[in-house]
K.L.:
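This structure is in structure tokens; I'll ask about it shortly.
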Protein chains: 4
Amino acid sequence: MLFSIHADGPVPIYEQIVAQVIYGVAAGAVKVGSFIPSVRELAEQLLVHPNTVARAYQDLERLGVVTPRRGRGMEVTSQAPTACRSKRRDLVRRRIRDALREAAASALTPDEIRNLVDEELTAVNGKRR
Amino acid sequence: MLFSIHADGPVPIYEQIVAQVIYGVAAGAVKVGSFIPSVRELAEQLLVHPNTVARAYQDLERLGVVTPRRGRGMEVTSQAPTACRSKRRDLVRRRIRDALREAAASALTPDEIRNLVDEELTAVNGKRR
Amino acid sequence: MLFSIHADGPVPIYEQIVAQVIYGVAAGAVKVGSFIPSVRELAEQLLVHPNTVARAYQDLERLGVVTPRRGRGMEVTSQAPTACRSKRRDLVRRRIRDALREAAASALTPDEIRNLVDEELTAVNGKRR
Amino acid sequence: MLFSIHADGPVPIYEQIVAQVIYGVAAGAVKVGSFIPSVRELAEQLLVHPNTVARAYQDLERLGVVTPRRGRGMEVTSQAPTACRSKRRDLVRRRIRDALREAAASALTPDEIRNLVDEELTAVNGKRR
DNA sequence: GTGGTCTAGACCACG
DNA sequence: GTGGTCTAGACCACC
């Protein structure tokens with residue numbers, strides 16, 4: 001499980017942790033029944049305060065992605081993969097939708113918008129190669 | 001000049017005001033030399049705190065879009081249209097880029113991402129018809 | 001809005017705050033559109049740390065009972081009464097169910113259990129007079 | 001001696017073990033002079049950490065329910081039945097009392113509370129038939 | 001060792 | 001003024 005956290009930027013650290021766990025589970029990189037890193041361990045790895053990790057884990061628990069096993073850690077639940085794939089799709093769709101709505105509200109023409117989208121889409125795909 | 005403000009939601013109200021003025025100028029709906037509404041007037045119209053409008057106007061002034069005319073209000077500058085078209089493009093591109101980066105980070109496949117984009121793109125265009 | 005908090009005892013303070021707001025809304029003592037006390041205000045009143053109150057308020061927001069109004073406070077939502085009455089019933093029923101299941105598991109006879117329940121029920125009702 | 005342990009849920013495992021031994025003795029299912037399972041044996045049976053069982057047995061010893069016999073295990077004491085019947089009653093009464101107090105604090109009417117109690121009471125009794 | 005709660009206090013964005 | 005986030009560190013229960 002690899003995390004990359006941007007401590008600056010507008011997105012709270014704990015939200016970044018939540019999202020990355022969700023993406024990891026959705027992608028199958030984190031298996032059902034396995035344990036995500038302990039609060040202290042991950043805090044040390046990410047150079048953030050344990051409380052920040054703990055808050056992320058509470059959110060993940062609330063989402064049904066992990067369940068606390070007392071004395072052992074946070075275990076990935078059986079319904080996590082389904083929930084995470086759905087959640088991932090929702091998160092991504094929501095962000096795309098908001099961006100495109102902003103674009104439409106800006107009175108840019110549909111052609112201009114599509115050009116921008118295509119440019120950024122190839123840029124992103126290029127990065128993934 | 002029509003404003004639509006979403007008091008809830010993650011985007012600060014003052015940013016919404018700034019963006020909508022920029023979009024209005026960029027689209028040619030707000031002319032050079034005209035005056036945007038007074039702080040009090042707009043605050044009343046939008047049911048927001050005057051401080052919020054004032055902050056938006058400060059930003060617009062700092063961006064060179066409007067300039068204060070004592071006793072008369074905020075006048076749209078001659079360089080505003082050029083600046084706003086550029087700024088608009090930057091704003092929209094930035095949001096699209098961020099959304100697509102998030103999509104890539106989520107480990108969704110490029111195909112799935114493109115499908116989501118296409119769905120939302122037609123949805124947005126549909127709304128504009 | 002009156003709160004009574006038991007800082008000792010097994011129930012976390014933030015849960016007590018959550019429950020009491022829910023009960024207040026369910027009982028009609030807290031109206032839709034009104035604002036619950038600010039974090040700092042309630043923290044001072046209850047002699048607890050503001051963070052503790054903030055955590056309770058986050059839970060209430062997650063439950064859809066209140067919504068943050070930036071710069072103004074936490075407003076009771078329109079769906080709060082329905083949600084709170086339902087939630088209250090669930091909470092109380094859950095506690096009663098657990099107690100009675102424990103009683104059944106203890107191999108006490110149904111008659112003994114009913115006697116205990118009746119005793120405690122009259123004791124509680126007596127306190128409310 | 002049959003145990004049913006819920007590893008999740010709010011009740012600590014060691015408390016569940018303690019309670020079930022108490023209930024077994026109170027109901028006469030566990031006889032004076034008999035031996036309860038060894039720590040290792042029970043831990044293996046319940047898929048629980050031996051420390052957890054050991055802690056439960058410490059509590060039972062402290063309560064005077066069992067007494068350690070070197071090399072042979074934990075023996076049920078002669079005063080255990082009386083103590084367990086009393087303890088059982090206390091435990092059950094305490095849980096019922098707490099549940100009903102919560103119900104009263106929730107501002108549900110006495111009638112609503114009684115209805116909930118009756119519903120759950122018949123539900124529990126139904127399960128025992 | 002694990003997570004959970006609480007206090008303490010800083011800093012920030014927003015209105 | 002409001003809530004939101006983060007760091008810091010204590011204490012606890014449980015395994």
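Since we're looking at a predicted model, the values are computed, not measured. Labels below follow one simple rule: chain letters A, B, ... track the order of the sequence lines, proteins then strands, and each chain is numbered from 1.
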K.L.:
Counting only heavy atoms not in D/R40, do more than 12 sit closer than 6.0 Å to its CZ atom?
P.N.:
no
K.L.:
For B/F3 and B/Q20, work out which heavy atoms get closest and say how close.
P.N.:
CA-OE1, 3.2 Å
K.L.:
Detail all sub-3.5 Å separations between protein N/O atoms and N/O atoms belonging to nucleotides 10-14 of chain F.
P.N.:
residue	atom	partner	partner atom	Å
F/dC14	OP2	D/Y14	OH	2.9

K.L.:
Looking at C/E44, I want to see if its CD is surrounded by more than 12 non-hydrogen atoms of other residues, nucleotides or ligands under 6.0 Å.
P.N.:
no
K.L.:
Between C/E61 and D/A7, which is nearer to the 5' end of DNA chain F once each is assigned its nearest nucleotide?
P.N.:
C/E61
K.L.:
Would you say a side-chain N or O of C/T52 is under 4.0 Å from OP1 or OP2 of E/dT7?
P.N.:
yes
K.L.:
Is the backbone N or O of C/H6 less than 3.5 Å from a side-chain atom of C/Q16, with the two atoms forming a donor-acceptor pair by type?
P.N.:
yes
K.L.:
Check whether more than 12 heavy atoms from other residues, nucleotides or ligands sit under 6.0 Å from atom CD of A/Q79, and answer yes or no.
P.N.:
yes
K.L.:
Is there a side-chain contact between A/R95 and B/D98, using heavy atoms and a 4.5 Å cut-off?
P.N.:
yes
K.L.:
What integer distance in Å separates B/D8:CG from E/dG15:P?
P.N.:
11 Å
K.L.:
For C/Q45, does the CD atom have more than 12 heavy-atom neighbours from other residues, nucleotides or ligands under 6.0 Å away?
P.N.:
yes
K.L.:
Can you tell me if the side-chain N/O atoms of C/S38 get under 4.0 Å from OP1 or OP2 in F/dT2?
P.N.:
yes
K.L.:
Starting at the 5' end of DNA chain F and moving along, which residue's nearest nucleotide shows up first, A/P50 or C/P37?
P.N.:
C/P37
K.L.:
Start at the 5' end of DNA chain E and walk down; is the nucleotide closest to A/A54 or to B/V48 reached first?
P.N.:
A/A54
K.L.:
Under 4.0 angstrom, heavy atoms only, what part of the nucleic acid is B/H49 near: base, sugar-phosphate, or nothing?
P.N.:
sugar-phosphate
K.L.:
Given the rule that a pair is Watson-Crick or G-U wobble with both distances under 3.5 Å, how would you write DNA chain E in dot-bracket, using | for pairs to a different strand?
P.N.:
||||||||||||||.
K.L.:
Starting at the 5' end of DNA chain E, which residue's closest nucleotide do you reach first, A/Q58 or A/R72?
P.N.:
A/R72
K.L.:
Measuring from atom CG of D/L46 to atom OG1 of D/T52, what distance do you get when rounded to the nearest 0.5 angstrom?
P.N.:
10.0 Å
